[in-house]
Amino acid sequence: QVQLVESGGGLVQAGGSLRLSCAASERTFSIYAMGWFRQAPGKEREFVAAIRWSSGNIYYGKSVKGRFTISRDGAKNMVYLQMNSLEPEDTAVYYCAANPRTTPFNSDYAYWGQGTQVTVSG
């Protein structure tokens, strides 16, 4: 069973930056896309960003476009989320996911991490 492990969450002031990382537990795991989602208390899970492994095509949610950057390291089976100009509204648990069953924007992914908390103080 493949596991995804996120790291890099924490507490940051508004305007600050954080970098999240996500690693797949098995180096031989075949990835064709990975994504980041977030969920704030009382809200639905929201698409943040996704990247297709072979083409490198990238997609962003409207609320983070221009502030967040997704990248990958194919050799290490890792995906990153650089988050700049953070706002209190970005406070949520951030999840990485691998291999969407439909589109990268849909939360129907085959594998999920346990989540990492990001808190932005105003």
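Side-chain atoms of Phe68 and Leu18, non-hydrogen and from C-beta on, never get closer than 4.5 Å to each other. At a threshold of 4.5 Å between non-hydrogen side-chain atoms, the residues Thr69 and Leu81 do not count as touching. Side-chain contact check for Met34 versus Asn99: every heavy-atom pair is 4.5 Å or farther apart. For the pair Pro104/Arg52, a side-chain contact is recorded, criterion being any heavy-atom separation below 4.5 Å from C-beta on. Between Gln82 and Ser17 there is a side-chain heavy-atom pair separated by less than 4.5 Å. Taking 4.5 Å as the limit, some side-chain heavy atom of Ile31 sits within range of a side-chain heavy atom of Asn77.
Ring geometry for Phe105 against Tyr59 counts as perpendicular: the plane angle is over 60°, on a 0 to 90° scale with 30° as the lower cut.
In this structure, CZ in Arg67 is found 9.5 Å from CE in Met83, a value given to the nearest 0.5 Å. Atom CD of Glu89 sits about 10.0 Å away from atom OG of Ser63, to the nearest 0.5 Å. Atoms OG1 and CG, on Thr119 and Asp90 in that order, are 11.0 Å from each other to the nearest 0.5 Å.
Contacts of Arg19 classified as side chain to side chain donor-acceptor pair (under 3.5 Å), with partners at least two apart in sequence or in another chain: none.
Looking at Tyr60, its side chain does come within 3.5 Å of a backbone N or O of Ile70 through a donor-acceptor pair. In this structure, the side chain of Glu6 engages the main chain of Cys96 through a donor-acceptor pair within 3.5 Å. In this structure, the side chain of Arg38 does not engage the main chain of Arg45 through any donor-acceptor pair within 3.5 Å. Between the side chain of Thr91 and the backbone N or O of Val120, at least one donor-acceptor pair lies under 3.5 Å.
If you check the side chains of Glu46 and Gln39, you find no donor sitting under 3.5 Å from an acceptor. For the residue pair Arg101/Ser107, the side-chain donor-acceptor check at 3.5 Å is not satisfied. A donor-acceptor pair shorter than 3.5 Å cannot be found between the side chains of Thr102 and Asp108.
Two different hydrophobic clusters hold Leu20 and Phe47 under the rule that ILVMFWY side chains link at heavy-atom gaps under 4.5 Å. Val79 and Val5 are not part of a single hydrophobic cluster, where members link through side-chain heavy atoms under 4.5 Å apart. Linking Ile, Leu, Val, Met, Phe, Trp and Tyr whenever their side-chain heavy atoms come within less than 4.5 Å puts Trp36 and Val12 in one cluster. By the criterion of side-chain heavy atoms lying less than 4.5 angstrom apart, applied directly or through intervening Ile, Leu, Val, Met, Phe, Trp or Tyr residues, Tyr80 is not grouped with Val93; the two fall into different hydrophobic clusters.
Heavy-atom neighbours of Gln3 CD from other residues, nucleotides or ligands within 6.0 Å: at or below the threshold of 12.
Listed here is the closest heavy atom pair of Gly122 and Ala14: CA-CB, 4.4 Å. Between Tyr109 and Thr103, the shortest heavy-atom contact is CE1-O, 4.4 Å. Across all their heavy atoms, Gly9 and Val118 have their closest contact at CA-CG2, 4.1 Å.
The ring-ring contact (aromatic ring centres under 6.0 Å, His included) test with Phe37 is passed by exactly one of Tyr94, Tyr95, Trp112: Trp112.
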